[in-house]
Amino acid sequence: MEKLEETGPLVPKGRREYNDIDRKAVEKNYHAKKILMCGIGPDEYNRVSACDTAKEIWEVLQTTHEGTTQVKQSKIDMLTTEYELFKMKDDDSIQDMHTRFTSIINELHSLGDVIP
């Protein structure tokens with residue numbers, strides 16, 4: 001990006017005006033986009049296909065899967081309550097109970113709330 005005037009808006013540089021740093025940044029963005037695009041399914045691809053940079057793709061995916069900070073905190077609160085009130089159901093086997101418990105712990109861990 002470059003400024004047209006001292007106080008003017010930023011506009012994209014032409015390819016002929018790129019220096020080595022700009023070329024490396026474009027190359028890194030291309031590789032990051034490629035990695036992200038190869039790792040997502042068709043539903044996610046439709047969400048991010050209009051994004052220009054890897055950062056935009058990452059932010060869309062993060063918001064889609066984690067939600068905003070308020071949604072994230074709400075999920076953490078809900079899972080913490082579920083953890084605190086956890087008990088074996090009448091029709092549960094030991095394996096089913098362990099699977100449910102592990103699922104709660106793993107979801108909390110993925111949201112950044114680790115229970116020792």
Side-chain angles (χ1 to χ4, degrees):
M1 301 294 279
E2 66 182 348
K3 285 188 178 187
L4 292 178
E5 299 171 4
E6 206 170 295
T7 59
L10 288 174
V11 295
K13 285 183 181 180
R15 285 187 180 234
R16 294 176 187 225
E17 298 169 356
Y18 283 2
N19 58 25
D20 288 339
I21 294 171
D22 295 332
R23 285 186 192 91
K24 285 183 182 180
V26 168
E27 187 176 326
K28 285 180 182 180
N29 183 60
Y30 171 78
H31 287 294
K33 280 178 63 174
K34 185 174 155 185
I35 290 168
L36 288 169
M37 291 298 205
C38 289
I40 61 176
D43 293 335
E44 283 85 12
Y45 179 81
N46 290 333
R47 287 189 191 110
V48 300
S49 61
C51 296
D52 292 328
T53 64
K55 184 176 184 342
E56 289 175 9
I57 293 171
W58 184 257
E59 288 173 348
V60 167
L61 291 173
Q62 189 175 23
T63 302
T64 300
H65 292 280
E66 285 185 6
T68 62
T69 54
Q70 292 173 333
V71 172
K72 186 176 176 181
Q73 188 58 47
S74 176
K75 285 180 184 178
I76 289 172
D77 292 343
M78 182 186 72
L79 289 167
T80 302
T81 302
E82 201 172 325
Y83 170 81
E84 291 169 349
L85 301 175
F86 185 84
K87 61 182 176 180
M88 188 172 183
K89 294 180 180 177
D90 292 334
D91 59 339
D92 265 356
S93 67
I94 299 285
Q95 184 63 37
D96 293 338
M97 181 190 75
H98 182 266
T99 302
R100 283 190 309 114
F101 186 75
T102 304
S103 176
I104 293 169
I105 298 298
N106 288 342
E107 285 185 60
L108 281 167
H109 187 5
S110 71
L111 292 169
D113 190 27
V114 180
I115 297 176

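- Minimum heavy-atom separation, Asp22 to Lys13: OD2-NZ, 2.7 Å.
- Under the 4.5 Å side-chain heavy-atom criterion for ILVMFWY residues, a single connected hydrophobic cluster contains both Ile94 and Ile104.
- Pairs passing the ring-ring contact (aromatic ring centres under 6.0 Å, His included) check and including a residue from residues 79-116, sequence neighbours excluded, read Tyr83-Phe101, Phe86-Phe101.
- Closest approach of Arg100 and Lys87 over heavy atoms only: NH2-O, 3.1 Å.
- Residue-environment remark: CD (Gln70) stays at or below the threshold of 12 foreign heavy atoms within 6.0 Å.
- For the side chain to side chain contact (heavy atoms under 4.5 Å, CB included) criterion with Leu79, the lone passing option out of Leu108, Ile105, Asn106, Asp113 is Leu108.
- Under a 4.5 Å side-chain heavy-atom cut-off, the cluster of Ile, Leu, Val, Met, Phe, Trp and Tyr residues that includes Val48 is completed by Leu36, Met37, Ile40, Tyr45, Ile57, Trp58, Val60, Leu61.
- Rounded to the nearest 0.5 angstrom, Asn19 CG and Arg23 CZ are separated by 7.0 Å.
- Of the possible donor and acceptor atoms, one in the side chain of Glu56 sits under 3.5 Å from a partner among the backbone N and O of Asp52.
- There is no path of hydrophobic side-chain contacts, each under 4.5 Å, that joins Val71 to Leu111.
- Taking the side chain as every heavy atom from C-beta outward, Arg15 and Val26 never approach each other to under 4.5 Å.
- Qualifying side chain to side chain contact (heavy atoms under 4.5 Å, CB included) partners for Glu59, counting only residues two or more places apart in sequence or in other chains: Lys55.
- By the 4.5 Å heavy-atom criterion applied to side chains, Thr81 and Met78 are not counted as neighbours.
- To the nearest 0.5 Å, atoms OH (Tyr30) and CD1 (Ile35) are separated by 11.0 Å.
- Residues Glu44 and Thr64 are not in side-chain contact: their nearest non-hydrogen atoms beyond the backbone lie 4.5 Å or more apart.
- Not one N or O on the side chain of Thr102 forms a donor-acceptor pair closer than 3.5 Å with the backbone of Thr99.
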